[in-house]
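Because the structure is a prediction, the values reported are computed rather than measured.
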Amino acid sequence: MKPIRLMSGFFTVGIWTLLSRVMGFARDVMIAGYLGAGPVAEAFLVAFSLPNMFRRFFAEGAFNMAFVPMFSKRLEAGDDPEGFAQDAFVGMAFVLTLFTIIGVIAMPGLVLLMASGFAGDERFDLAVEYGRLAFPYILFISLAALVSGVLNANGRFMAAAAAPVVLNVVFISAVLIGAALGRPGSDALGVGIDQALGMRVGDTLALSVPLAGLAQLALVWWAARRAGFTLRINRRPRLTPDLKRLAIIAAPAALAGGVVQINLLVGRQVASFYDGAVAWLNYADRLYQLPLGVVGIAIGVVLLPDLSRRLKAGDEDGSHSTISRAAEVALALTIPSAVALMVIPFTLVSVLFQRGATGIDDAAAIAIAASIYGLGLPAFVLQKILQPLYFAREDTRRPFHFAVVAMVVNVGLAVGLMPFVGWIAPAIAASLAGWAMFALLALGARGYGLAAKFDARFHKRIWRILAASIAMGFALWTANAALQPMLGQPWWRGIALLILVGVGIISYFGIGQMIGAFRLSEFRGAIRRR
């Protein structure tokens with residue numbers, strides 16, 4: 001077996017994901033500046049979340065969790081992996097074309113399903129219009145996810161990891177174009193200049209969504225072709241025995257994906273009854289998605305094909321070491337991120353989002369949500385590490401059962417807490433449900449033997465990682481208090497945040513190296529091997 005280089009792959013995916021998330025921040029800062037938390041912002045965010053929701057359901061969730069292990073094992077055995085990928089590509093294109101047509105027609109119902117609080121006001125009509133423009137994204141991005149699975153199984157992570165950067169480039173361009181188009185002659189639209197500007201930006205953003213999906217598909221398709229896999233829609237779809245097996249394995253994962261989307265739907269529904277809450281939770285989500293994407297998703301992307309191929313080769317010791325190193329590195333980068341979100345949330349939010357149409361009250365609300373999401377961040381990352389243990393064995397049933405339990409926790413808390421804490425209930429519910437899901441995955445994996453256990457080095461280091469993170473949190477809190485005069489000045493806030501970032505990095509990695517939480521040479525070596 002030619003193994004996938006775990007750390008090299010992780011840093012490849014992580015660095016490109018970091019670039020994507022930074023550009024995503026730039027995108028969201030621009031959207032917040034032009035749209036704030038107003039009706040156009042909320043309508044676009046709901047409209048964009050619809051194809052994204054089904055993308056996670058069809059592509060990144062059910063289909064890829066079943067496709068990648070099967071493709072990886074065929075690749076390991078030399079059993080016509082390209083033919084299998086071609087059949088899957090044609091079948092997915094056919095099914096999702098039909099689904100896209102149905103979704104565009106049924107858009108009013110989908111918007112009500114996502115945000116019934118919009119009914120009867122201007123947000124509903126805008127969300128339906130934007131949703132119909134954006135929904136074809138599901139076709140292109142799902143095909144891109146399949147092609148990305150082919151690349152990842154071959155140990156080629158760069159193009160798939162870089163594809164989200166393309167999305168953000170297109171979105172940023174759309175904001176700039178919308179802003180340019182919205183300025184001249186704004187009052188001719190019969191509305192105020194600021195409102196007309198926001199509407200133009202919303203229009204161009206919605207139009208850019210399917211274009212971004214097409215651009216992402218083109219990038220990964222080109223990379224797959226260079227890797228020797230040219231996938232085309234050159235015949236009618238056919239239900240082969242392998243695709244039947246793929247569907248059988250994917251079905252529980254699809255149901256689990258549906259459960260996750262129910263969690264998101266409940267959160268959107270609760271938030272839609274509070275003006276601005278949909279936007280507040282979305283911007284807070286961007287903050288915690290940065291470390292989750294860079295660390296958790298990157299580790300999960302690399303782990304799944306690696307564990308699948310090791311399982312095919314019977315390499316249990318290698319799986320044991322792989323899962324331990326993945327958890328060690330992921331938590332070494334995630335725990336301090338979670339501490340920072342809880343210690344200095346308002347500083348982060350005010351510097352990144354408080355400008356233009358986003359005021360101090362919006363920033364305070366976003367900060368509250370970000371700190372609560374920070375509590376759940378390690379759980380979400382640990383889920384990304386444990387789930388490949390199941391999917392590599394083509395076990396998608398038990399994660400579905402666990403997801404149902406987590407869904408009950410999430411729905412019960414989101415709805416039950418709503419009368420007491422209002423719009424923040426979805427954030428609290430999501431974090432607690434995340435920990436419940438991790439606990440169930442950990443308990444369920446005990447039957448997998450050595451491959452599912454963390455080694456002695458992990459158990460030795462995790463407590464030191466926690467200690468270094470707590471020390472960093474104290475250093476951040478102290479520095480944040482000292483920098484308040486600078487943070488109160490608009491022109492100095494960015495510099496103050498950079499100083500805080502420097503304090504956090506130096507204190508965490510310095511203390512961590514000193515007490516043996518990790519060795520900096522391990523990170524440097526992985527980056528060089530990338």
Flag if over 12 foreign heavy atoms under 6.0 Å of CG, L443: yes
Side-chain touch D362/V349, heavy atoms, less than 4.5 angstrom: no
CG on D455 to OG1 on T322, rounded to 0.5 Å: 10.5 Å
Residues that R27 engages under side chain to side chain donor-acceptor pair (under 3.5 Å), provided they are two or more places apart: N168
Partners passing side chain to side chain donor-acceptor pair (under 3.5 Å) against D361 (at least two apart in sequence or in another chain): none
Mutual orientation of the aromatic rings belonging to F518 and Y508 [parallel < 30°, tilted 30-60°, perpendicular > 60°]: tilted
Sub-4.5 Å side-chain heavy-atom contact between M472 and I511: no
Pair Y288 and F380, ring centroids less than 6.0 Å apart: yes
Results of side chain to side chain donor-acceptor pair (under 3.5 Å) for Y390 - residues two or more places apart only: none
Separation between CG of D285 and OH of Y373, rounded to the nearest 0.5 Å: 5.5 Å
Distance-minimising heavy-atom pair for V220 and A163: CG1-CB, 4.2 Å
Those residues that, when tested against R464, pass salt bridge (charged side-chain N to carboxylate O under 4.0 Å, His left out) (two or more places apart): none
Sequence-distant partners of S371, side-chain contact (heavy atoms from CB on, under 4.5 Å), two or more places apart: P345
Qualifying side chain to side chain donor-acceptor pair (under 3.5 Å) pairs, either residue in residues 340-353, two or more places apart: T347-N480
Listed partners of W463 passing side-chain contact (heavy atoms from CB on, under 4.5 Å), at least two apart: L466
Validation row: R519, R461 side chains within 4.5 angstrom (heavy atoms): yes
Residue pair Y137 / L214, side-chain heavy-atom distance below 4.5 Å: no
Steps toward side chain to side chain contact (heavy atoms under 4.5 Å, CB included) verdict (I360, F346): CA-CA 10 Å; I360 190 170; F346 184 75; 4.1 Å; yes
4.5 Å side-chain heavy-atom contact, M486 and R493: no
Nearest heavy-atom neighbours spanning V339 and S469: CG1-O, 3.7 Å
Results of side chain to side chain donor-acceptor pair (under 3.5 Å) for Q383 - residues two or more places apart only: none
For F229, all residues meeting ring-ring contact (aromatic ring centres under 6.0 Å, His included), sequence neighbours excluded: F71
Side-chain touch S49/L45, heavy atoms, less than 4.5 angstrom: no
Contacts of type side-chain contact (heavy atoms from CB on, under 4.5 Å), residue V411, not counting sequence neighbours: I262, N263, V266, M407, V415
Residues 420-442 side chain polar contacts: donor-acceptor under 3.5 Å, at least two apart:
residue : atom : partner : partner atom : Å
S431    : OG   : I372    : O            : 2.8
S431    : OG   : A427    : O            : 3.3
W435    : NE1  : L375    : O            : 2.9

Validation row: L348, L500 side chains within 4.5 angstrom (heavy atoms): no
L476 versus A340, closest heavy-atom pair with distance: CD1-CB, 3.9 Å
Side chain proximity check, R446 to K453, heavy atoms < 4.5 angstrom: no
For the student: nearest non-hydrogen atoms of A517 and I465, plus distance: CB-N, 3.7 Å
Set of ring-ring contact (aromatic ring centres under 6.0 Å, His included) partners for F140, sequence neighbours left out: none
